[in-house]
Amino acid sequence: MDLPEASNFIEQFINEDIRAGKLEPVNNRVQVRFPPEPNGYLHIGHIKAMCINFGVKEKYGGKLNLRMDDTNPAKEDYEYVNSIVDAVKWLGFEYDKLVFASDYYDRLYEIAEKFILDGNAYVCDLSAAEITATRGTLTEPGIPSPYRNRTVEENLKLFREMRDGKYPDGAKTLRAKIDMASPNLNMRDPVIYRIAHVPHYRTGDKWCIYPMYDYAHPLSDAIEGVTHSLCSLEFENHRPLYEWFVERAGFSAPLPRQIEFARLNITNMLMSKRYLKKLVDEGFVRGWDDPRMPTVAGLKNRGVPPEALKKFCADVGVAKAYSVVSSAQLDSCIRDNLNFNAERAMAVLNPVKLTVTNYSGEEELDFEINPMKEGSGVRKIKFTGNVYIDADDFSLDPPPKYKRLQKGGTVRLKGAYIVRCDDVLFDEEGNVKQILCTYFPETRSGSGAETPIKAKGVIQWVDAKYGCDAEFRRYQPLLKDEQYPEQDYGERLNTESEQICFGKAEPYLKDSADGKPFQAMRTGYFKKCSEGGALILSEIVSLKDGYNK
RNA sequence: UGGGGUGUCGCCAAGCGGUAAGGCACGGGAUUUUGAUUCCCGCAUCCGUAGGUUCAAAUCCUGCCACCCCAGCCA
């Protein structure tokens, strides 16, 4: 048979399984799953997991269920499942079924009784603290629970009583009977059911005992017919346990196989649901979908195309080495996509008025909506000779090689004319208030006229009377130093950049911290904001130099 | 310290015994009405380290070093 060419080590494993005939019982069908816990919004780290799983699904023509791993009722809610479904759909991933671990509670309970019947599980009366104390350490074995050798009958009776609500939270647990001396702490009789008199967002108060991840996950995989259960590296130590459950639960081959990969880390990006939730709960951001958040919803609001995110994941690859990808790599993917797809618009940050003293009247100029895309059409922009330009585009004390406007120098107003700066007016505080220029009619854009007038630079502008048609939103940097609730934030979050860039618009020249000019990409949801008749873009974005620096 | 993992260019990452892909970043040049884009060109004699096997190793073997994960009734 023809196997697809593996593009990473996971697919190599899958190919090996197929070659070895391990998947023959199901006609070599490959099945994976994407199993987030609905306790928060999906973030860019999850996108990598999705790309891997949906990638396998598509490559092998397999199946993929979107499974809500909801075994902890205290943290989960419909708000999150809805957000997860939205995120998956926005990214354009198609799953076969939406399922819930909580769908399997009955089945999982039955299997638990089987484990008891087979002598593989027992009810333990030890408290949480006692279990911890008897678990042993990294170098010393644990101490077997005094309840470890209860009879099957007693265990069954007790477990049913647990289910029936006869005991308070924490009074008893169901434990797998494995090996208290195992060097793998996960194998030292792990708890598989705990008592929690907490209503579940889906099953209500039907249950007061809930299965643990280590038990529910492998069995959920087996119930669904998953063949390859792909998860992140921190579960490597759980694999023996995963196999232990799956081998004893009575499922027929092929049994699901767990394969681990390194999760995604990006410089200066917080990738922890727990902290993201904290930012939301404590009001540091406007919500999970705040454009400063690395959540799928936030990225969407930031104007990042889903294709750019998928491209990024493909570029980054899949491996087992712990790594931190430079945010520049993400920026590059976004810029590349936007360059081809974004509709252009001019906008101005830090406006300074520029008046063309020898111009009168007004005219309409043609601008390509997207010079990179054939047939994207033109937009009309009115020019009256009174415009705002960005303060950064004018310098009283220009550094060497400065290409933009300076006193006595020339520059092209993009799509319009070359102008020469004749004079500068200052306000009481000595700031540049108005720049007076003369223009050269023969230099009109697109006229093709031969003229000795040259300009080294091209700058964007916004007409003082008409503004422009873009919209923008203003956002503060995610956090200031003194606002850090915990130091962990400081290591991952953006504190330096002045703005965050969202949306779609014209690339824009900006000076970076070291004074070196660079090209930024304005993207975003721009909002009309009139100030002196012009559109003021106070939120710019620097995809080139990193909006997450 | 016991166990499980990982170490290839500044950052990711291919490579699976035959003599170091690619992307990002960076440097140089050409085009350019966005200092962008596009376009060339450059960028590891070397694969954590020390030995060994082999005609031949990043790839096999041995020792060592570094880093990550594990002692939740979270996932």
Side-chain angles (χ1 to χ4, degrees), chain A residues 7-8 12 35-37 39 69-72 74-76 101 124 126-129 131-142 169-175 182-188 190-196 209-210 212-214 216-217 231-240 260 262 264-267 273-274 311-312 314-333 335-336 339-340 344 346 371-372 401-404 412-418 443 445-446 454-460 506-509 516-521 544:
Chain A
S7 58
N8 59 49
Q12 284 179 14
E37 182 188 11
N39 67 344
D69 226 355
D70 53 359
T71 55
N72 185 356
K75 292 184 176 178
E76 298 147 3
C124 180
L126 255 27
S127 69
I131 287 180
T132 299
T134 54
R135 184 153 22 228
T137 66
L138 295 178
T139 52
E140 305 158 57
D169 291 3
K172 285 177 168 34
T173 57
L174 183 69
R175 292 229 257 167
S182 170
N184 182 339
L185 295 278
N186 294 308
M187 301 298 273
R188 321 244 261 225
V191 171
I192 60 182
Y193 265 92
R194 79 282 217 178
I195 300 171
I209 58 171
Y210 293 93
M212 299 289 289
Y213 166 88
D214 278 322
H217 201 93
C231 62
S232 48
L233 247 29
E234 63 265 36
F235 293 105
E236 248 168 345
N237 295 327
H238 297 243
R239 197 192 322 141
E260 310 83 9
L264 177 64
N265 292 296
I266 301 176
T267 55
K273 245 194 236 176
R274 194 183 134 219
K311 170 69 161 53
F312 170 68
D315 285 359
V316 161
V318 186
K320 292 194 74 166
Y322 291 87
S323 61
V324 183
V325 180
S326 164
S327 61
Q329 185 116 15
L330 208 211
D331 296 342
S332 168
C333 291
R335 255 186 288 131
D336 193 53
N339 183 42
F340 281 92
R344 310 306 160 96
M346 291 196 294
M372 299 302 290
K401 295 188 180 172
Y402 190 72
K403 286 194 173 187
R404 290 161 283 160
R412 173 175 291 279
L413 294 177
K414 183 173 170 60
Y417 301 91
I418 290 178
T443 59
S445 272
K454 300 290 179 203
K456 278 182 291 184
V458 179
I459 64 173
Q460 294 184 43
E506 198 81 0
Y508 178 77
L509 188 66
K516 194 176 164 191
F518 65 92
Q519 197 82 13
M521 177 75 80
K544 174 72 178 180

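Just the heavy atoms: all of them, side chains too, but no hydrogens, waters or symmetry mates, feed the values below. Quick caveat: nothing in here was measured; it's all calculated off a predicted structure.
- Contacts of A:Lys401 with the nucleic acid, taken as non-hydrogen atoms under 4.0 Å apart, include base atoms.
- Between the side chain of A:Arg404 and the base of B:G35, a donor-acceptor pair under 3.5 Å is found.
- With hydrogens and angles left out, the side-chain atoms of A:Thr137 and A:Glu140 include a donor and acceptor closer than 3.5 Å.
- Across all strands shown, B:U59 has no partner, as no Watson-Crick or G-U wobble contact with both distances under 3.5 Å is found.
- Among the protein residues, A:Leu126 comes within range of the nucleic acid bases, having at least one heavy atom under 4.0 Å from a base atom.
- The same atom, C1', is picked in B:U31 and in B:U37; the two are 11 Å apart, to the nearest Å.
- In this structure, A:Gly142 reaches neither bases nor backbone, as no heavy-atom distance under 4.0 Å exists between it and the strands shown.
- Between B:G10 and B:C43, the distance separating the two P atoms is 15 Å to the nearest Å.
- A donor-acceptor contact under 3.5 angstrom links the side-chain atoms of A:Gln329 to the base of B:G23.
- Note on A:Gln12: a base of the nucleic acid sits closer than 4.0 angstrom, heavy atoms only.
- Counting non-hydrogen atoms under 4.0 angstrom, A:Ser445 reaches a base of the nucleic acid.
- Note on A:Asn237: a base of the nucleic acid sits closer than 4.0 angstrom, heavy atoms only.
- For A:Thr173, whose side chain is taken as the heavy atoms from C-beta onward, the closest listed nucleotide among B:U34, B:A75, B:C73 is B:C73.
- A salt bridge links A:Arg239 to A:Glu260: one of the charged nitrogens lies within less than 4.0 Å of a carboxylate oxygen.
- Comparing atom distances between the A:Met372 side chain and each of B:G4, B:A25, B:U37 picks out B:U37 as nearest.
- At least one donor-acceptor pair under 3.5 Å links the side chain of A:Glu76 to the backbone N or O of A:Asn72.
- Side-chain proximity of A:Ala128 to the nucleotides B:G15, B:C73, B:C24 is greatest for B:C73.
- At the phosphate of B:A25, OP1 or OP2 sits under 4.0 Å from a side-chain N or O atom of A:Arg335.
- Comparing the same atom, P, in B:C47 and in B:U59 gives a spacing of 9 Å after rounding to whole Å.
- Taking atom C1' in both B:U49 and B:G7, one finds a spacing of 11 Å when rounded to whole Å.
- For A:Arg194 and B:C74, the shortest distance from a side-chain N or O to OP1 or OP2 is below 4.0 Å.
- For B:G7, the paired nucleotide is B:C65, the pair qualifying as Watson-Crick or G-U wobble because both relevant distances are below 3.5 Å.
- Contacts of A:Ile131 with the nucleic acid, taken as non-hydrogen atoms under 4.0 Å apart, include base atoms.
- When distances are taken from the side chain of A:Thr139 to each of B:G72, B:G2, B:A75, the shortest belongs to B:G2.
- Rounded to whole Å, the C1' atom of B:C24 lies 12 Å from the corresponding atom of B:C9.
- Relative to the side chain of A:Tyr322, the nucleotides B:C16, B:C69, B:A75 differ in distance, and B:C69 lies closest.
- You won't find any donor-acceptor pair under 3.5 Å spanning the side chain of A:Asp315 and the base of B:G22, going by distance alone.
- Among residues two or more places apart in sequence or in another chain, the ring-ring contact (aromatic ring centres under 6.0 Å, His included) test is passed with A:Phe312 by none.
- The side-chain contact (heavy atoms from CB on, under 4.5 Å) test applied to A:Glu234 returns A:Ser232, A:Arg263, not counting sequence neighbours.
- The aromatic rings of A:Phe235 and A:His238 sit perpendicular to each other, their planes meeting at more than 60°, with 30° as the lower class boundary.
- Picking from B:G5, B:C24, B:C73 the nucleotide with the shortest atom distance to the side chain of A:Glu236 gives B:G5.
- Between A:Arg274 and B:A75, a side-chain N or O to OP1/OP2 separation shorter than 4.0 Å is absent.
- Taking the charged nitrogens against the carboxylate oxygens, A:Lys320 and A:Glu236 do have a contact shorter than 4.0 Å, which makes a salt bridge.
- B:U33 atom P lies 17 Å from atom CD of A:Gln460, rounded to whole Å.
- A:Pro35 approaches A:Asp69 most closely through the heavy-atom pair O-CB, 3.6 Å.
- If A:Ala416 and A:Leu138 are placed on RNA chain B by their nearest nucleotide, the residue sitting closer to the 5' end is A:Leu138.
- The A:Ala321 side chain lies nearest to B:A13 when the options are B:A13, B:C70, B:U34.
- Between B:A25 and B:A36, the two P atoms lie 13 Å apart (nearest whole Å).
- A syn base is found at B:G72: its glycosidic angle is within 90° of 0.
- When each of A:Asp70 and A:Pro183 is assigned the nucleotide of RNA chain B with its nearest heavy atom, A:Pro183 is the one assigned upstream, toward the 5' end.
- When each of B:U33, B:C73, B:C12 is scored by its nearest atom to the side-chain atoms of A:Ser323, the top-ranked nucleotide is B:C12.
- Considering only the side chain of A:Asn72, B:C74 comes nearest among B:C69, B:C74, B:G72.
- Distances from the side chain of A:Leu185 to the nucleotides B:A75, B:G2, B:A25 place B:G2 closest.
- Within the nucleic acid shown, A:Gly317 has no heavy atom closer than 4.0 Å to any nucleic acid atom.
- For the pair A:Thr71 and B:C74, the criterion of a side-chain N or O lying under 4.0 Å from OP1 or OP2 is not met.
- As a whole-Å value, the separation of A:Asn186 CG from B:A75 P is 13 Å.
- Of the C1' atoms belonging to B:G15 and B:G63, the separation is 25 Å, rounded to the nearest Å.
- Closest approach of A:Met187 to A:Ser182, counting heavy atoms only: CB-OG, 3.5 Å.
- A sub-4.0 Å separation between OP1 or OP2 of B:G10 and a side-chain N or O of A:Ser326 is absent.
- Only the C1' atoms considered, B:A13 is 33 Å distant from B:C74, to the nearest whole Å.
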